[in-house]
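Report on the structure given below.
One-based numbering, in listed order, for ligands and for the atoms of each.
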Amino acid sequence: MTVEQFDPSTINSAQSQTTTLDIPSKMIEEQSQRSEQLANANQSVERTAKIGFLSLGCPKNLVDSERILTQLRTEGYDVTNSYNDAELVIVNTCGFIDSAVQESLDTIGEALAENGKVLVTGCLGVKKDEIIELHPNVLGVTGPHAYDEVLAQVHEHVAKPVHNPFIDLVPPQGVKLTPKHYAYLKISEGCNHRCTFCIIPSMRGDLDSRPVGDVLGEAQRLVKSGVKELLVISQDTSAYGVDVKHKTDFWDGMPVKTHMQQLCEQLAKQGVWIRLHYVYPYPHVDHIIPLMRDGKILPYLDIPFQHANKRILKLMKRPGSSDRVLERIAKWREICPELVIRSTFIVGFPGETEEEFEELLDFLEEAQLDRVGCFKYSPVEGATANALPDHVSEEVMEDRLQRFMEVQARISAEKLQARIGQEYLILIDEITELGAVGRSYMDAPEVDGKVYLTDEFDVKPGDQIWVQIIHADEHDVWGVRVED
Ligand code: SF4
């Protein structure tokens with residue numbers, strides 16, 4: 001199990017879990033490698049307009065970065081990992097928690113010091129005044145998913161490069177910042193809920209579902225480009241299409257509803273791993289479980305439960321009802337015994353009593369969740385929960401976090417021990433000097449465990465091989481290759 005920084009976006013998100021996808025230098029380096037590949041393939045195009053790009057935060061922000069980069073490349077701009085070479089630097093910020101805000105502000109400061117011409121976009125962009133107060137020399141500030149505004153600001157400061165329209169600078173799947181074999185598929189923006197610990201709706205607005213035909217088209221292009229795993233992300237995947245009343249769109253000449261179930265059924269036809277994140281346990285999720293049982297999508301559900309006590313959930317204004325959650329989990333497992341459930345929880349929410357916390361521990365024991373992240377409550381600026389009485393002291397929160405971790409670490413270790421001797425299909429992520437490292441259907445990238453294959457070098461990232469598990473700890477497993 002993992003202890004993660006408090007981040008409401010991951011809360012309904014797994015990942016931002018500030019989720020560690022970020023590492024700006026890494027992003028920019030990977031992007032640069034891809035730019036190099038593209039550059040080699042398009043030598044006759046004169047490109048002098050180079051843009052630096054730094055992407056911080058969660059997978060949703062990463063997808064925004066990919067869209068901006070794709071548009072920049074489409075227009076003929078080049079992307080560089082060097083402050084010196086860049087004519088301008090774009091910083092795509094994260095602004096959910098204090099440490100993310102600080103990292104974003106520091107990154108803007110560094111880009112200003114190293115390059116001098118900086119555009120700021122992303123979640124922290126909604127606090128334009130704060131950014132300008134600290135960094136008055138930034139050239140422009142926009143909020144999240146403001147693709148057109150960012151491009152317009154780039155045009156203002158760096159003239160569009162000479163571009164031969166007959167040479168395609170961008171691969172059909174667009175520019176991707178994830179490894180070639182997996183990709184995030186963002187199906188909607190924003191959120192209609194108003195969880196009291198979260199400021200995402202004020203940053204990203206209400207739910208805005210992408211047309212299902214667009215989503216499926218993107219999925220197909222990604223698969224054609226070699227992607228083996230699609231990770232469906234949003235703020236609330238179960239709510240997909242609610243804003244457009246689940247209207248019918250078209251894909252491949254066929255009518256398809258803008259609805260989670262129909263989306264999953266169509267994605268299943270792509271023949272790659274489909275992993276669902278940020279699923280709320282609404283009743284219609286029951287209809288997704290048979291797709292998992294039948295091997296159409298991965299039997300993996302990322303459901304941010306946050307708590308188990310009714311009063312706390314009410315104070316949190318969580319969507320969906322906590323009633324009968326355990327019953328529903330049991331029913332899902334009956335239908336699909338392979339189902340793996342990942343979740344995130346908050347301990348020390350304002351007013352949480354010792355008894356209510358113990359109810360959460362009891363829930364953990366009963367629910368036997370496979371992957372769990374835990375956050376101490378953090379008063380995100382602007383969150384309505386901050387006004388609630390009886391905030392829990394740091395000391396008590398820390399104590400509860402440790403007790404929570406102990407329980408979940410034991411559960412996780414027991415569950416992984418039970419995997420020893422079994423065989424799983426593993427998707428290889430990387431080759432290290434010790435061997436290959438991959439994941440099974442039970443592990444999402446960045447947030448879950450890994451499968452280590454010591455001394456296995458006869459594979460490459462993106463390969464899928466069968467592996468027998470021979471050892472496990474609380475989080476990861478070790479295995480050996482077996483014949484297909
Ligand atoms: S308000 Fe929306 S985005 Fe924020 S935690 Fe709640 S469901 Fe998730």
Inset, instruction - Sequence neighbours left out, what passes side chain to side chain contact (heavy atoms under 4.5 Å, CB included) with A472? Give chain and number order. - result: L416, Q417, I420, V477
Legend entry - Heavy-atom gap K317 to ligand 1 smaller than 4.0 Å: no
Legend entry - Numbered atoms and elements of ligand 1 in range of Y280, under 4.0 angstrom, heavy atoms: 7 (S), 8 (Fe)
Inset, instruction - Measure across L207 and A239 and return the closest heavy-atom pair with its distance rounded to 0.1 Å. - result: CD2-O, 3.3 Å
Legend entry - Per-atom contacts of ligand 1 with C195, taking only distances under 4.0 Å to non-hydrogen atoms: 1 (S), 5 (S), 6 (Fe), 7 (S)
Legend entry - Enumerated ligand 1 atoms positioned under 4.0 Å from heavy atoms of F197: 5 (S)
Legend entry - Ion pair check, D302 and R371, cut-off under 4.0 Å: no
Distance-only donor-acceptor hits, side chain of residues 283-291, under 3.5 Å, sequence neighbours excluded:
{"unit_1": "H284", "atom_1": "NE2", "unit_2": "S238", "atom_2": "O", "d": "2.9"}
{"unit_1": "D286", "atom_1": "OD1", "unit_2": "R328", "atom_2": "NH2", "d": "2.8"}
{"unit_1": "D286", "atom_1": "OD1", "unit_2": "W332", "atom_2": "NE1", "d": "2.8"}
{"unit_1": "D286", "atom_1": "OD2", "unit_2": "K331", "atom_2": "NZ", "d": "3.4"}

Legend entry - R318: numbered ligand 1 atoms lying under 4.0 Å from its heavy atoms: 5 (S), 6 (Fe)
Inset, instruction - Using the six-membered ring of Y182, assess whether NZ or CZ of R275 lies under 6.0 Å from its centre and within 45 degrees of the ring axis. - result: no
Inset, instruction - Compute the minimum heavy-atom distance from Y278 to ligand 1 and say whether it is under 4.0 Å. - result: no
Inset, instruction - Quick one: sort the F197 and F349 rings into parallel, tilted or perpendicular, breaks at 30° and 60°. - result: perpendicular
Legend entry - Metal check, atom 6 (Fe) of ligand 1 vs C191 N/O/S, cut-off below 2.8 Å: no
Legend entry - Contact atoms of ligand 1, heavy-atom distance to P201 under 4.0 Å: 1 (S)
